[in-house]
Amino acid sequence: MNADMAVQNTPDLSLWNDPAVPVAERVDALIGAMTLEEKIAQLFGVWVGASDQGGEVAPHQHDMEEAVDLDALLPNGLGQLTRPFGTVPVDPALGALSLARTQRRIAATNRFGIPALAHDECLAGFAAWGATAYPVPLSWGAAFDPDTVRRMAAAIGRDMRGVGVHQGLAPVLDVVRDARWGRVEETIGEDPYLVGTVATAYVQGLESAGIVATLKHFVGYSASRAGRNLAPSSVGPRERADVLLPPFEMAIREGGVRSVMNAYTDIDGVPSAADEELLTGLLRDTWGFEGTVVADYFAIAFLKTLHGLAGDWAEAAGAALRAGVDVELPNVKTYGAPLLDAVADGRVPEALVDRAVRRVLSQKAALGLLDADWNPVPAALDGTDPGDPAALRGRIDLDGPENRALARTLAEKAVVLLSNDGTLPLERPRRIALIGPNADEPVAVLGCYSFPQHIGVRHPGTPLGIELPTLRDTLAAEFPEAELTVVRGTGVDDGDLSGLPEAVRAAREADVAVVVLGDRAGLFGRGTSGEGCDVGTLALPGAQQQLLDALLDGGTPVVTVLLAGRPYALGRAVGESAAIVQSFFPGEEGTHAIAGVLSGRVNPSGRLPVSVPRDPGSQPSTYLGARLAHVSGVSSIDPTPAFAFGHGLSYTRFDWTDLVVEAGQAATDGEFALSFTVRNAGDRQGVEVVQLYLHDPVASVVQPVQRLIAYTRVDLEPGEVRRVRITVPADLASFTGRDGRRVVEPGVLELRLAASSTDPRLTAEVTLTGAERHVDHTRRLHATVVQEAAARV
């Protein structure tokens with residue numbers, strides 16, 4: 001197939017086609033040879049869908065854009081192909097063939113043989129038909145395990161690169177500020193350090209496979225008023241600097257990321273797509289980012305239609321280009337003819353076009369797309385026959401055993417046991433009543449950006465493409481000797497109460513009732529969680545709370561299981577449910593993980609990445625609040641959560657002892673050192689998640705009561721002991737001072753070693769000495785955590 005699909009290059013090797021020449025020289029030579037039209041053509045994408053017959057891609061007709069004429073565009077070249085696999089269901093092998101043929105056409109049609117860069121979504125796995133559906137990012141946060149997330153991202157990247165995709169639109173680094181926001185499931189949690197470390201690991205994994213990772217949404221999208229999607233954000237400069245920006249800063253410094261996507265929102269009247277101080281001043285001039293900035297879909301046009309910042313498309317294009325947006329996605333709108341006209345009449349300097357196209361072409365050169373021997377055939381199609389597309393169907397497996405094993409590992413680590421009166425693990429129950437809208441629903445484990453929920457729902461009758469065992473299936477396998485009675489009770493959000501009597505009757509006749517509640521993921525109102533699925537309160541959707549309360553009244557032990565995209569207030573269940581198991585859209589292997597926790601085959605080790613509220617109306621509220629954000633005697637609203645950030649139980653217990661503060665005093669440029677012992681005092685293997693919080697009792701500006709600065713998973717056999725040593729640089733005590741600069745101030749601090757944000761086990765008082773010290777983006781970002789070799793006692 002290689003010979004058939006290879007692009008024919010001219011015998012003379014142009015400077016820009018020679019990989020031996022430095023990238024900067026190649027790109028400069030190419031730009032010097034291009035017309036303005038050819039340069040601008042590299043600055044936009046076209047939304048396409050691959051052909052399930054292996055033919056060329058076809059432009060996607062989106063209701064927010066006019067139809068695109070590829071024949072008219074391609075002679076000047078094309079910057080990107082938008083979502084060839086994530087637009088319609090397509091067999092992966094035929095999709096790869098379709099993309100390869102389209103790339104050959106693109107390269108052959110423009111003067112310089114430049115192919116497009118193809119991007120797709122990969123929020124919780126490659127969003128393609130038949131690809132592994134991994135747990136959503138909120139579950140990554142619950143696992144507190146960057147290493148597993150890194151391995152998952154590498155597997156996702158290999159699958160994407162294998163079929164010809166170059167860029168993935170993930171991860172999301174938005175820090176949760178209001179759990180009513182529909183996109184909470186896409187985030188990693190409510191703490192910037194947790195978000196930053198886990199997201200950076202994802203970036204490293206994706207980039208290791210050769211895929212360009214894309215940080216989104218830069219910045220402030222999750223801080224919208226009232227949790228409404230695409231609403232204004234009321235964020236002060238310190239909240240932006242100390243809460244919202246650190247995850248992006250960490251991923252850029254440590255992840256090797258090559259792309260950033262702007263947020264839709266505006267902060268203090270300035271939309272991020274037109275914020276030169278943000279996209280150029282901070283991102284590039286200060287942090288040193290050298291990759292591409294791509295527009296969130298339609299964001300440049302929104303400068304005219306939603307923000308009222310531009311009077312026409314040319315003004316919108318000029319504002320975005322000047323700010324630092326290099327590529328318009330998903331389709332050409334403002335960066336086409338309007339930008340060309342604006343440059344021609346002097347409203348937009350051509351130098352801005354050159355700046356953006358230099359970044360785009362540098363990235364294409366680094367990906368090998370400008371090399372003389374570039375071949376559109378992806379690795380997964382090597383050795384196949386392009387002349388027989390039908391024979392290719394089924395040849396590429398994007399959901400192999402290794403992927404599924406990894407999906408199960410992460411799902412198991414992410415299940416959070418919120419409460420347990422001893423009912424769990426279940427001991428050989430004879431009769432189980434399995435009740436609830438998500439008890440026998442295959443897609444209940446999937447988030448909004450999974451292919452079945454994002455795209456598949458628009459193609460009824462098309463197979464899911466992956467196996468999605470329900471909790472009914474996995475519980476039947478986990479408890480083969482038990483009699484399993486399944487009753488729906490009510491829908492996710494239909495409010496139907498007619499099934500409650502049957503559910504109560506089934507529970508009364510059982511030894512235990514497992515009630516499975518939560519969300520249905522979807523887009524723009526098609527679900528209860530997902531993009532555009534915001535809520536007014538954190539009450540369970542529909543009649544689910546009524547169902548839960550009716551079962552609690554029945555006398556049978558009730559185990560509450562949540563398959564959800566956000567935390568919900570659970571009312572009486574917090575104190576009356578025999579156990580509560582929280583899982584955030586755990587992916588295709590998620591019900592195996594939950595069944596394993598219920599049986600005891602899996603000892604739960606997940607911890608909450610977001611607080612579970614006690615009151616459904618107490619939002620916005622996160623653990624990362626100042627003193628005034630917590631309960632007080634002067635307000636009738638108590639924001640205290642039912643289960644706090646970092647909380648999670650185990651089937652064993654751990655003792656924390658022997659704290660030694662090895663260095664309890666340090667200069668403002670020094671570091672502290674402490675060590676302590678963790679012992680598994682139970683009778684089975686388990687994982688304790690050690691969390692270190694910093695409390696600054698006196699500071700020049702108001703600080704959160706505490707914030708996470710380090711964590712580690714400690715895996716111990718029964719009776720096993722491990723000594724944990726943590727070295728904390730003074731830089732981690734820094735914050736944005738009154739003058740806008742980041743400062744380390746002298747004074748007393750508390751380092752709280754904790755099992756959650758409300759469960760401190762050991763506390764060290766330490767002191768910073770000397771003068772105030774200003775730090776910048778080169779400061780240290782991490783404590784050093786070392787676990788000594790285990791010893792059995």
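In this structure the side chain of Leu468 never reaches within 4.5 angstrom of the side chain of Thr591, judged on heavy atoms. Here the side chains of Cys122 and Leu169 are not in contact, with every heavy-atom distance at 4.5 Å or above. By the 4.5 Å heavy-atom criterion applied to side chains, Glu185 and Phe584 are not counted as neighbours. Looking only at side-chain heavy atoms (C-beta outward), Gln42 and Val357 come within less than 4.5 Å of each other. Counting heavy atoms from C-beta outward, Leu215 and Ser259 have side chains that stay 4.5 Å or more apart. Using a 4.5 Å heavy-atom cutoff, the side chains of Thr82 and Val46 are not in contact. Side-chain contact between Val443 and Leu464: present, with at least one pair of heavy atoms (C-beta onward) separated by less than 4.5 Å. Residues Trp313 and Thr305 form a side-chain contact, since some pair of their non-hydrogen atoms from C-beta on lies under 4.5 Å apart.
Using modelled atom types, one finds a donor on one side chain and an acceptor on the other under 3.5 Å when comparing Thr132 with Asp399. Using modelled atom types and a 3.5 Å distance limit, the side chains of Glu56 and Ser51 yield no donor-acceptor pair. Defined by atom type and a distance below 3.5 Å, a donor-acceptor pair is present between the side-chain atoms of Tyr449 and Glu531. Neither side chain, Gln363 nor Gln167, offers a donor N or O lying under 3.5 Å from an acceptor on the other. Using a 3.5 Å distance cut-off with no hydrogens or angles, the side chains of Tyr221 and Asp296 do not pair a donor with an acceptor. The closest side-chain donor-acceptor pair between Asp440 and Thr470 falls under 3.5 angstrom. Side-chain polar atoms of Gln453 and Ser450 form no donor-acceptor pair below 3.5 angstrom. There is no side-chain donor-acceptor pair under 3.5 Å between Asn17 and Asp373. In the model, Glu328 has a side-chain atom that pairs as donor or acceptor with a side-chain atom of Thr334 under 3.5 Å. Using modelled atom types and a 3.5 Å distance limit, the side chains of Thr528 and Asp519 yield a donor-acceptor pair.
Distance alone, capped at 3.5 Å, is enough to place a donor-acceptor pair between the Tyr335 side chain and the Leu321 backbone. Between the side chain of Thr87 and the backbone N or O of Arg83 there is at least one donor-acceptor pair closer than 3.5 Å. In this structure, Arg183 contributes its side chain and Asn229 its backbone to no donor-acceptor pair below 3.5 Å. Checking side-chain atoms of Ser98 against main-chain N and O of Gly55 turns up a donor-acceptor pair under 3.5 Å. No donor-acceptor pair closer than 3.5 Å links the side chain of Arg161 to the backbone N or O of Pro378. Looking only at distances, no side-chain donor or acceptor of Asn438 sits under 3.5 Å from a matching main-chain atom of Glu441. Between the side chain of Trp140 and the backbone N or O of Tyr202, no donor-acceptor pair lies under 3.5 Å. Using modelled atom types, one side-chain atom of Arg393 and one backbone atom of Asp52 make a donor-acceptor pair closer than 3.5 Å. Checked by atom type and distance alone, the side chain of Thr109 never pairs as donor or acceptor with a backbone atom of Pro75 at under 3.5 Å. Checked by atom type and distance alone, the side chain of His119 never pairs as donor or acceptor with a backbone atom of Gly168 at under 3.5 Å.
Salt-bridge check for Lys364 with Asp371: failed, with every basic side-chain N at 4.0 Å or more from each acidic carboxylate O. A salt bridge links Lys39 and Asp354; the closest N-O separation between the charged side-chain nitrogens and carboxylate oxygens is under 4.0 Å. Ionic pairing of Glu402 and Arg408 is not present here: no N-O contact between side-chain nitrogen and carboxylate oxygen is shorter than 4.0 angstrom. Salt bridge absent: Arg355 and Asp326 never bring a charged side-chain N and a carboxylate O closer than 4.0 Å.
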One pair to check against salt bridge (Lys or Arg N to Asp or Glu O under 4.0 Å): Lys413 and Glu589. What are the steps and the verdict? CA-CA 12 Å; Lys413 291 182 176 184; Glu589 290 289 321; over 6 Å; no

Working for side chain to side chain contact (heavy atoms under 4.5 Å, CB included), residues Val294 and Gln80: CA-CA 10 Å; Val294 299; Gln80 292 215 8; 4.2 Å; yes

Test side chain to side chain contact (heavy atoms under 4.5 Å, CB included) applied to Leu369 and Ile114, step by step: CA-CA 7 Å; Leu369 301 183; Ile114 307 172; 5.9 Å; no

Steps toward side chain to side chain contact (heavy atoms under 4.5 Å, CB included) verdict (Val23, Val27): CA-CA 6 Å; Val23 166; Val27 170; 4.0 Å; yes

With side chain to side chain donor-acceptor pair (under 3.5 Å) as the criterion, how do Thr409 and Glu412 come out once you've worked through the C-alpha distance, each side chain's angles and the decisive distance to 0.1 Å? CA-CA 5 Å; Thr409 295; Glu412 289 177 350; 5.4 Å; no

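Rounded to the nearest 0.5 angstrom, Gln53 CD and Asp91 CG are separated by 10.0 Å. Atom CG in Asp145 sits 8.5 Å away from atom CZ in Arg151 (nearest 0.5 Å). The structure places CG of Asn110 at 12.0 Å from CG of Leu73, a figure rounded to the nearest 0.5 Å. Atom NE2 of His217 sits about 10.0 Å away from atom CG of Leu230, to the nearest 0.5 Å. Note that the CD atom of Glu37 and the CG atom of Leu339 stand 11.0 Å from one another [nearest 0.5 Å]. Rounding to the nearest 0.5 angstrom, the gap separating the CG atom in Leu173 from the CD1 atom in Ile188 is 6.0 Å.
For Phe85 against Pro92, the heavy-atom pair with the smallest separation is CE2-O, 3.7 Å. Taking every heavy atom of both residues into account, Val325 and Ala273 meet most closely at CG2-O, 3.6 Å. The minimum heavy-atom distance between Val457 and Pro460, with the atom names listed, is O-CD, 4.0 Å. The two atoms that bring Ala124 and Pro137 nearest to each other are CB-CD, 4.5 Å, heavy atoms only. Between Arg526 and Cys533, the closest heavy-atom pair is N-SG, 4.2 Å. Contact between Ala133 and Ile466 at its shortest, heavy atoms only, is CB-CD1, 3.7 Å.
In this structure, Phe112 has its ring center closer than 6.0 angstrom to the ring center of Trp16.
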